[in-house]
Amino acid sequence: MVDGSYPILAREGRWHIALAAGAALAVHYFAGPAWAAPFWIVLVFILQFFRDPSRQVPDAPDAIICPADGKVIALGEVEDPYLKRPSKRVSVFMNVFNVHSNRSPVAGKIMERWYRQGKFVNAALDKASLDNERNALWIRTDQGQDVVVVQVAGLIARRILCYVQPGERIARGERYGFIRFGSRVDVYLPREARLEVSLGDSVKGAADVIARLAP
């Protein structure tokens with residue numbers, strides 16, 4: 001399934017893009033191209049940061065898809081701090097050059113949402129999962145399996161955006177939020193889930209399968 005009915009630039013960046021373009025045009029007009037060059041560079045950076053391309057979402061019902069573009073920085077068995085259960089965790093770190101739109105790893109019903117204020121330490125550090133500002137969604141699939149996906153703020157990521165609430169249904173690969181600028185996403189899976197990524201892998205949100213649910 002291709003999620004093509006969405007603008008190529010994320011709506012979260014519209015004001016940033018408009019302001020950067022306005023500043024570049026004004027400086028170019030009044031001071032010339034040499035003075036405007038840094039402003040055009042900033043505009044190009046902002047455009048690439050807020051890009052949000054369509055993706056081919058896997059149709060397999062057991063697939064847990066990647067919730068964000070980036071690099072797998074943590075993998076293994078941990079205690080799920082939200083559902084208080086043994087689980088497997090996959091953590092994806094997004095740098096400023098990655099797509100920052102966040103996608104649901106599974107289809108199902110949103111059972112709960114938790115937002116917690118916190119610190120803004122480097123999101124690549126493992127302690128960021130528990131210390132940093134974060135927003136967590138508990139999603140229950142139609143087969144009754146529970147998945148928790150957590151947006152974690154980073155060193156320079158100061159805004160977590162989430163557009164869904166408990167009680168709503170969400171589709172696999174559906175855009176549900178955005179993080180500005182550089183951060184990580186943690187996914188807590190049932191212990192029986194089979195991981196399909198390795199530490200250090202580069203992954204794409206909504207396109208790559210990170211694990212598969214047990215039957």
Side-chain angles (χ1 to χ4, degrees), residues 1-14 47-75 88-110 113 123 134-143 145-154 157 159-165 168-190 193-213:
M1 177 182 66
V2 179
D3 59 339
S5 59
Y6 198 82
I8 196 169
L9 292 174
R11 61 183 179 179
E12 294 84 359
R14 290 172 184 170
L47 286 169
Q48 72 82 31
F49 181 86
F50 286 105
R51 71 194 188 281
D52 196 2
S54 62
R55 296 282 169 79
Q56 180 76 38
V57 182
D59 286 331
D62 65 340
I64 302 170
I65 67 159
C66 190
D69 286 21
K71 181 180 179 181
V72 178
I73 59 168
L75 203 64
K88 288 180 179 175
R89 184 185 67 183
V90 179
S91 298
V92 177
F93 177 74
M94 297 176 282
N95 64 39
V96 294
F97 299 106
N98 292 130
V99 172
H100 275 61
S101 180
N102 300 141
R103 313 290 199 109
S104 175
V106 293
K109 181 179 179 181
I110 300 170
R113 174 184 172 186
R134 55 206 181 275
N135 180 79
L137 294 180
W138 167 18
I139 305 170
R140 176 165 289 168
T141 71
D142 292 337
Q143 292 72 39
Q145 294 173 300
D146 296 314
V147 173
V148 176
V149 58
V150 189
Q151 298 166 290
V152 183
R159 188 76 189 275
I160 295 175
L161 304 172
C162 181
Y163 306 121
V164 294
Q165 298 294 337
E168 296 179 8
R169 284 195 59 82
I170 194 166
R172 182 187 294 109
E174 181 179 339
R175 297 166 173 83
Y176 75 89
F178 200 92
I179 313 178
R180 300 195 302 249
F181 288 90
S183 44
R184 83 188 256 171
V185 178
D186 295 332
V187 186
Y188 294 92
L189 310 169
R194 186 176 77 252
L195 298 179
E196 300 227 332
V197 290
S198 301
L199 204 61
D201 283 356
S202 293
V203 288
K204 286 188 176 182
D208 289 341
V209 176
I210 59 172
R212 295 192 183 272
L213 292 168

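Keep in mind that the numbers below use all heavy atoms, side chains included, and drop hydrogens, waters and symmetry copies.
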Taking all non-hydrogen atoms of both residues into account, name the closest pair between [X] and [Y] and its distance.
| X | Y | value |
| --- | --- | --- |
| A68 | V92 | O-CG1, 3.8 Å |
| P53 | R103 | O-NH2, 3.5 Å |
| H100 | S183 | CD2-OG, 4.0 Å |
| L75 | L199 | CD2-N, 3.7 Å |
| P58 | A206 | CD-O, 3.3 Å |
| A153 | I160 | N-CD1, 3.7 Å |

Side chains of [X] and [Y], heavy atoms from C-beta outward: is any pair under 4.5 Å?
| X | Y | result |
| --- | --- | --- |
| D142 | R169 | yes |
| I170 | I139 | yes |
| V106 | Q143 | no |
| N102 | P67 | no |

**Request:** Walk me through it: do V164 and L137 pass the test side-chain contact (heavy atoms from CB on, under 4.5 Å)?
**Result:** CA-CA 9 Å; V164 294; L137 294 180; 3.6 Å; yes
Starting at [atom1] of [X], measure out to [atom2] of [Y] and round the result to the nearest 0.5 Å.
| X | Y | atom1 | atom2 | answer |
| --- | --- | --- | --- | --- |
| N98 | I179 | CG | CD1 | 11.5 Å |
| R172 | D59 | CZ | CG | 7.5 Å |
| E168 | K109 | CD | NZ | 11.0 Å |

**Test side-chain contact (heavy atoms from CB on, under 4.5 Å) applied to I110 and Y176, step by step** = CA-CA 11 Å; I110 300 170; Y176 75 89; over 6 Å; no
Check: [X] side chain, [Y] main-chain N or O, donor-acceptor pair, under 3.5 Å:
| X | Y | answer |
| --- | --- | --- |
| D201 | V203 | no |
| R134 | V152 | no |
| D69 | G205 | yes |
| K88 | A193 | yes |
| Q151 | L161 | yes |
| R55 | K204 | no |
| R184 | G70 | no |

**Item:** CA sep, side-chain torsions, deciding dist, call: L189, L195, side-chain contact (heavy atoms from CB on, under 4.5 Å)
**Value:** CA-CA 9 Å; L189 310 169; L195 298 179; 4.0 Å; yes
**Request:** Test side-chain contact (heavy atoms from CB on, under 4.5 Å) on R89 and V150 and set out the steps.
**Result:** CA-CA 11 Å; R89 184 185 67 183; V150 189; over 6 Å; no
**Message:** With a 6.0 Å cut-off (strictly less than), is the heavy-atom count around OH of Y163, excluding the residue itself, greater than 12?
**Reply:**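 Buried by this count: over 12 neighbours within 6.0 Å.
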